[in-house]
Amino acid sequence: MQLESVFLEKNAQQKIALLRVLCQRVHSGITIADLATQLGFTYQRTYNLFQELNADLADLYQKTPTAMRKSLVAASAQSVSLDRYKIQQFQAATAWQFFDYAVQGHQPSLDRFCEDHFLSRSTLMRKTANLRAFFAHYDLKLLYP
């Protein structure tokens, strides 16, 4: 089991899959339709993911969206690090932030975490469902006081 499926939401996992395909290709001239076929997504979904990925990477690498797009569609996206992008996605993921807080926090509190991250308890439970399932696989259980 990959940790991506435990901590990241579906949208972030799909953007990582898209970036992985972009980084692995060795020829230029790839289209959204080609990417959609390779990934098994619809054209519209792939287009939306590409736009979101481009915006994320532009922020990460402090480039304009146009310059980042040119880097992504070049012969190979060697200037973009898949690992660096994954780290960014993990750090932004609510499940990862909650896990990090629970493990490293001094007297962690579910209510305090929810307040600090502007989440309701039900949203936090939904976003950490995969994490709790992962723990349950190893007979571990998170208790929420």
Side-chain angles (χ1 to χ4, degrees), residues 1-26 30-65 67-74 76-145:
M1 174 181 276
Q2 290 186 347
L3 289 179
E4 293 171 13
S5 63
V6 174
F7 289 106
L8 301 180
E9 294 181 26
K10 184 179 176 183
N11 190 49
Q13 292 177 37
Q14 290 176 341
K15 288 190 287 187
I16 288 171
L18 175 59
L19 183 57
R20 185 175 292 121
V21 168
L22 287 169
C23 289
Q24 290 175 347
R25 70 191 163 73
V26 292
I30 196 161
T31 65
I32 297 293
D34 296 335
L35 292 169
T37 301
Q38 286 182 4
L39 293 167
F41 301 151
T42 64
Y43 178 90
Q44 188 62 50
R45 180 69 187 139
T46 307
Y47 177 81
N48 290 343
L49 285 171
F50 184 82
Q51 296 293 34
E52 291 174 25
L53 176 65
N54 188 54
D56 290 349
L57 291 172
D59 286 342
L60 182 63
Y61 287 98
Q62 299 175 349
K63 292 184 176 181
T64 65
M68 195 71 242
R69 188 176 310 109
K70 287 179 183 177
S71 295
L72 285 174
V73 296
S76 65
Q78 294 175 352
S79 63
V80 177
S81 169
L82 180 61
D83 290 334
R84 186 173 174 190
Y85 184 68
K86 281 183 184 181
I87 290 169
Q88 179 201 37
Q89 291 299 301
F90 271 95
Q91 290 173 340
T94 302
W96 174 259
Q97 292 174 0
F98 178 70
F99 176 73
D100 187 49
Y101 174 76
V103 171
Q104 295 189 42
H106 179 70
Q107 296 181 336
S109 162
L110 183 66
D111 292 330
R112 189 175 330 128
F113 180 85
C114 289
E115 285 177 24
D116 292 346
H117 291 83
F118 305 104
L119 297 169
S120 67
R121 268 185 112 132
S122 61
T123 299
L124 180 63
M125 294 298 113
R126 182 175 44 81
K127 289 186 179 238
T128 59
N130 290 340
L131 176 62
R132 289 182 283 118
F134 177 74
F135 282 156
H137 179 73
Y138 295 101
D139 293 326
L140 298 171
K141 188 173 185 178
L142 291 174
L143 299 175
Y144 307 106

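Note that CG of Asn130 is 12.5 Å distant from CD of Glu4, once rounded to the nearest 0.5 Å. Taking OH of Tyr47 as the start and CG of Leu35 as the end, the distance is 13.0 Å to the nearest 0.5 Å. Atom CD1 in Ile16 sits 10.0 Å away from atom CG in Asn11 (nearest 0.5 Å). Between atom CD of residue Gln88 and atom CG of residue Leu57 there is a gap of 7.5 Å, rounded to the nearest 0.5 Å. Atoms CG and CG, on Asn54 and Leu49 in that order, are 12.5 Å from each other to the nearest 0.5 Å. Note: Gln13 CD to Gln2 CD = 8.5 Å, rounded to the nearest 0.5 Å.
Residues forming a salt bridge (Lys or Arg N to Asp or Glu O under 4.0 Å) with Arg112 (at least two apart in sequence, or on another chain): none. With sequence neighbours left out, Gln107 forms a side chain to side chain contact (heavy atoms under 4.5 Å, CB included) with no residue at all. With sequence neighbours excluded, the residues satisfying ring pair (Phe, Tyr, Trp, His ring centres under 6.0 Å) with Tyr101 are Phe113. By the salt bridge (Lys or Arg N to Asp or Glu O under 4.0 Å) test, Glu52 is found to be paired with Lys15, residues two or more places apart in sequence or in another chain being considered.
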* Working for side-chain contact (heavy atoms from CB on, under 4.5 Å), residues Met125 and Arg132 -> CA-CA 9 Å; Met125 294 298 113; Arg132 289 182 283 118; 3.8 Å; yes
* Please test Leu53 against Leu22 for side-chain contact (heavy atoms from CB on, under 4.5 Å), starting from the C-alpha separation and ending with a verdict. => CA-CA 11 Å; Leu53 176 65; Leu22 287 169; 4.0 Å; yes
* Please assess Leu18 against Phe50 for the test side-chain contact (heavy atoms from CB on, under 4.5 Å), listing each intermediate value before the final yes or no. => CA-CA 7 Å; Leu18 175 59; Phe50 184 82; 4.0 Å; yes
* Please lay out, stage by stage, how Leu19 and Lys86 fare under the test side-chain contact (heavy atoms from CB on, under 4.5 Å). => CA-CA 10 Å; Leu19 183 57; Lys86 281 183 184 181; over 6 Å; no
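When all heavy atoms of Ser81 and Tyr61 are compared, the pair lying nearest together is N-OH, 2.7 Å. Considering every non-hydrogen atom in both Met68 and Val80, the closest pair reads CE-CG2, 3.3 Å.
Under the side-chain hydrogen bond (donor to acceptor under 3.5 Å, both in side chains) test applied with Gln44, the options Thr42, Thr46, Asn48 reduce to a single match, Asn48.
No side-chain donor-acceptor contact under 3.5 Å links Thr37 and Asp34.
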Report all side-chain donor-acceptor pairs from residues 90-98 shorter than 3.5 Å, counting only partners two or more places apart or in another chain.
unit_1, atom_1, unit_2, atom_2, d
Gln97, OE1, His117, NE2, 3.2
Gln97, NE2, Gln91, O, 2.9

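Side-chain contact check for Arg69 versus Thr64: every heavy-atom pair is 4.5 Å or farther apart.
The list of salt bridge (charged side-chain N to carboxylate O under 4.0 Å, His left out) pairs with a residue in residues 95-107, not counting sequence neighbours, is empty.
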